[in-house]
Amino acid sequence: MRYFILLLTTLLFSSSLFSQTLDPIKWKANVEKETEDVYILSFQATLDKGWHLYSQNEAETDEIAPTPTEFSFDATAETYQLIGETLEPKGIEKYDNIFEMNVKYFEDKVTFSQKIKLINSTLKSVKAEVFFSVCDDEKCLAPEVIEFDLSLTGEVIENKGDLTNITNEDHNKSEVLNIGVKGWDKFPKEDVKDKSYLNIFILGFLGGLIALLTPCVFPMIPLTVSFFTKSAKDRKKGTFNAILYGFFIFAIYVLLSLPFHLLDSLDPEILNNISTNVTLNIIFFVIFIVFAISFFGYFEITLPASWSNSLDSKANSIGGVVGVFFMALTLALVSFSCTGPILGSLLGGSLSSDGGAMQLSFGMGGFGLALALPFGLFALFPNWLNSLPKSGGWLNAVKVVLGFIELALAFKFLSNADLVEHWGFLKREIFIAIWIVIGTGMVLYLFGKIRFPHDSPIQKLSMGRKTLGVLTLAFVIYLLPGLTNTAYANLKLLSGFPPPLFYSIYEKEAHGPLGLNAYTDFEEGLKAAKTQNKPIMIDFTGWACVNCRKMEEQVWSYPEIIDILKNKYILISLYVDDRKELSETDQFQYLKPDGRVKKIKTIGDKWATFQTMNFQNNSQPYYVLLDSDMNLLNHTTAYTPDTNEYLQWLRTGLINFKK
C-alpha cells in the first residue's frame, strides 16, 4: 500500500509535467531463434517526424560530440556470449559545423540487432539496456536508458524497474530536487512554433523578380502580352490566354521540382547528403564559376536551339490551351541562359538545407510566380506597358551584377567541401577575404571603373548604379572586421555562410563558454545569487547539444548579451548529459510520472530530472530566469537564434527582478 500511495502521489503531483514533456521515440524489442543455441535480439526505434537518433559509431573524442547510442547486455561466461557487435543500418551521414566532424544518425525507423550464443542451455531470458539521446533541428533531449527483459521463448517485456526497491530515502532525495518555482501564472508557456516554408518561397520569389530584369526575360514581357491581346479575336480571350500563359510558367517551374520528391521518397539520404558530399559540392562550385563567367559576358549558356524551335512550332500549329502551354515551355527554355544560374542557386541552397525537396518546391513555386505575374498583370492592365523602362545597357549591368553574386556563392560550396575533408585552405578569414575582393570588384564595376565584353562606355552614372554601388561598398566595409581576431569578427548578418568561427587562421578554442563564469551546480549558483543579490539564469544544456553551441557562438557572443550574462546574472549551466557518476550517497531511484523507475546515478541524470520536475520540459537548450526566492522573472524560452529577441528576454528579466 505504501508504494501504491507513493506512485499515486507522484502521478498527481507531476500530471502537468507528464503532459508537457516530449517523448518522440518508441522502442520495441524482439527475439528470433536462429539455431538451437543462437538467437537474434532486435531493437527497433520509431521516431516522430523531424527527430533523429545518433549512431553507435560516433567517434570517441574529448571535444563535444553527439551522444552515441549504446547497447549493453548481461552476458557472462556462464550464461551466454555475444557474437560480433550490435549491427545497425547505413543511416544518414552529414558533416556538422558545430561538432566539426561527420555525424551519423537515423530517422523514422531503425532496427539494431545482436546475435548471442547460449552457454547455459537452461537460460530462459536475457537482460539488455539501451542508452540514447534524440534531437531535432532545434533541441535535444537528455539521454535516457531503457531496460528490456527478453524471454528466449519470444516474449519481450520492458523493464520499468521495481517499485518495491524505492525507499523513503529515495523519495526524500527526489523531493530535494523540487525547488518550488513560483509565478507560472504570470508568464505564458514557451511555445514551440511549427516550421514554415514561407522564407524559401519569398527567396524564390525574389529570385524570380531578379530573373525578370535580365536581357533574356525582360524584353519578352511587352512582346508576349501584346501578342496575346492583339492576336485574339476579342479582348477577353486574349486576356485569358495571357493569364493562362502566366499560370503555365508557374506550373512548369513547380513541376521541375517533382523528380526530387521521387528521389526523396526512394532514398531520403540522397537529398540530405548533398550538403556534405564533397564531389557534389565541388561540382556545384565549378558550375557556379561557369555561370558567373557566362553572366560576365564571355560566353552564353543556351540549351540546344532545336528544342526551342520544336516547341515554338508546336505552339503555333496546335493553338488553344495546349499551344499556350508550349509557348510557356518555350520561354522557360530560351531564357535558360539567364534563369539557369538563379535556379542553380535555388537548387543548391534548398538541397543543402534540411528542408530538401519540399523546400525546393516552395522555392521553385515562388520563382515561377514572380516570373509569371507580369504576363497576367499587364494583360489585365495593358496601359501599364507604357510605364515599363526601355531595354538597354542596364539589362547587361544586371547580368554582370548577378555574375559577381554567383561568384561569391560558388565559394560557399567549395567551403562545404573544405570543411568536410579538413583541407584547411579555405579558413574563415580567407573565405571572407575572397568575398571582400569580389565585393570590391562589384563596386568598381558599378562605378564604371571596369567593364566587361558587352558593356558600352558609361557617359553618366545612373542613380541605380550609385545606390547599389554604395550599398555594396557598405557591405565590403562590414566584412572587414571578419579578417580580425576580435569580438567584431562574428559577422552575425552572415551567420551560416562563412566557415564557423573556430575554423580560423588564428589560434582559437573550438568551443567554450565565452569566458563566462558559469556554475555547474544549482545550489552553488543559488548561494552566489543570494550573496551578490543578482537574478539567476539557468542554462539547461548538454555537451552533445548542437543548438546549445549555436546559441553560445551566435547569440551569447553578441557584446550586449555577453555583458549581461557576465555582469547582471548568475549563470548556472546544468549539463543533462554529463556521465560523471554521483557519489554513492547522492545516488537514488526516482519514480517517474509514467510509472518507470529511473536510476539517478550520474550528474546528467540529476539535472535532467531536476529540469522535468520543476519546469515540465525535457529539451535543450532551455533557459529559465529566476530570483533567489524561486520566482520566475520571465517566461521560459528555448532555442532563440534571433539576437534581439533573446536580448529583450534577458532585459525583461532584469526589469522584473528590480521590481
Side-chain angles (χ1 to χ4, degrees), residues 206-221 283-305 308 331 333-349 367 370-371 388-415 430-479 497:
L206 292 174
L209 293 179
I210 293 171
L212 282 173
L213 300 177
T214 60
C216 313
V217 180
F218 187 81
M220 299 292 291
I221 297 173
I283 289 172
F284 271 121
F285 168 72
V286 173
I287 289 173
F288 273 48
I289 293 292
V290 172
F291 281 158
I293 296 172
S294 172
F295 270 167
F296 290 149
Y298 290 102
F299 59 84
E300 288 288 329
I301 300 175
T302 57
L303 294 174
S308 57
L331 175 72
L333 289 176
V334 298
S335 63
F336 178 77
S337 62
C338 293
T339 60
I342 301 172
L343 287 173
S345 305
L346 188 62
L347 174 66
F367 184 89
L371 215 59
L388 279 179
K390 302 298 181 184
S391 299
W394 66 273
L395 288 175
N396 187 68
V398 171
K399 279 189 70 173
V400 173
V401 168
L402 289 176
F404 282 108
I405 295 173
E406 292 285 331
L407 195 60
L409 291 175
F411 284 93
K412 171 60 180 170
F413 292 100
L414 186 60
S415 172
I430 296 172
F431 180 94
I432 292 170
I434 291 172
W435 272 29
I436 289 173
V437 171
I438 293 171
T440 303
M442 185 169 159
V443 171
L444 294 174
Y445 172 77
L446 289 169
F447 285 115
K449 302 302 180 183
I450 57 177
R451 288 193 300 167
F452 288 93
H454 296 303
D455 287 316
S456 53
I458 299 175
Q459 304 299 328
K460 182 181 178 182
L461 288 177
S462 66
M463 183 56 66
R465 272 182 174 261
K466 290 178 182 177
T467 303
L468 188 57
V470 170
L471 290 175
T472 307
L473 180 61
F475 179 70
V476 170
I477 294 172
Y478 173 77
L479 290 175
F497 269 95

- Query: Hey, what do you get for CG (Leu402) to CZ (Phe296), rounding to the nearest 0.5 Å?
  - Reply: 10.0 Å

- Quick one: closest heavy-atom pair of Trp435 and Leu479, and the distance? CB-CD1, 4.0 Å

- Message: Keeping Ser294 on the side-chain end and Val290 on the backbone end, is there a donor-acceptor pair under 3.5 Å?
- Response: no

- Query: Between Arg465 and Ala397, what is the shortest heavy-atom contact and its length?
  - Reply: NH2-CB, 3.7 Å

- Message: Between Tyr445 and Phe452 (judged by ring centroids, cut-off 6.0 Å), do the two rings come close enough to count as a pair?
- Response: yes

- Message: As an exercise, state the distance from OH of Tyr478 to CG of Leu471, rounded to the nearest 0.5 Å.
- Response: 15.0 Å

- Message: Could you measure the distance from the OG1 atom of Thr440 to the CD1 atom of Ile477? Nearest 0.5 Å is fine.
- Response: 9.5 Å

- Once you round to the nearest 0.5 Å, how far does CZ of Phe295 lie from CG of Leu407? 12.5 Å

- Message: For a quick test of reading the model, state the closest non-hydrogen atom pair linking Phe404 to Ile438 and the distance between them.
- Response: O-CG2, 3.5 Å

- Item | Closest non-hydrogen atom pair, Leu446 against Val401 | CD2-CG2, 3.8 Å

- Message: Rounded at 0.5 Å granularity, tell me how far CE in Met442 sits from CG in Leu473.
- Response: 11.5 Å

- At their closest point, which heavy atom of Phe431 faces which heavy atom of Phe411, and how far apart are they? CE1-O, 3.3 Å

- Got a sec, which residues hit side chain to side chain contact (heavy atoms under 4.5 Å, CB included) with Ile293, two or more places apart in sequence or on another chain? Ile289, Tyr298, Phe299

- Heavy-atom closest contact (Phe288 atom, Ala410 atom, distance): CB-CB, 3.5 Å

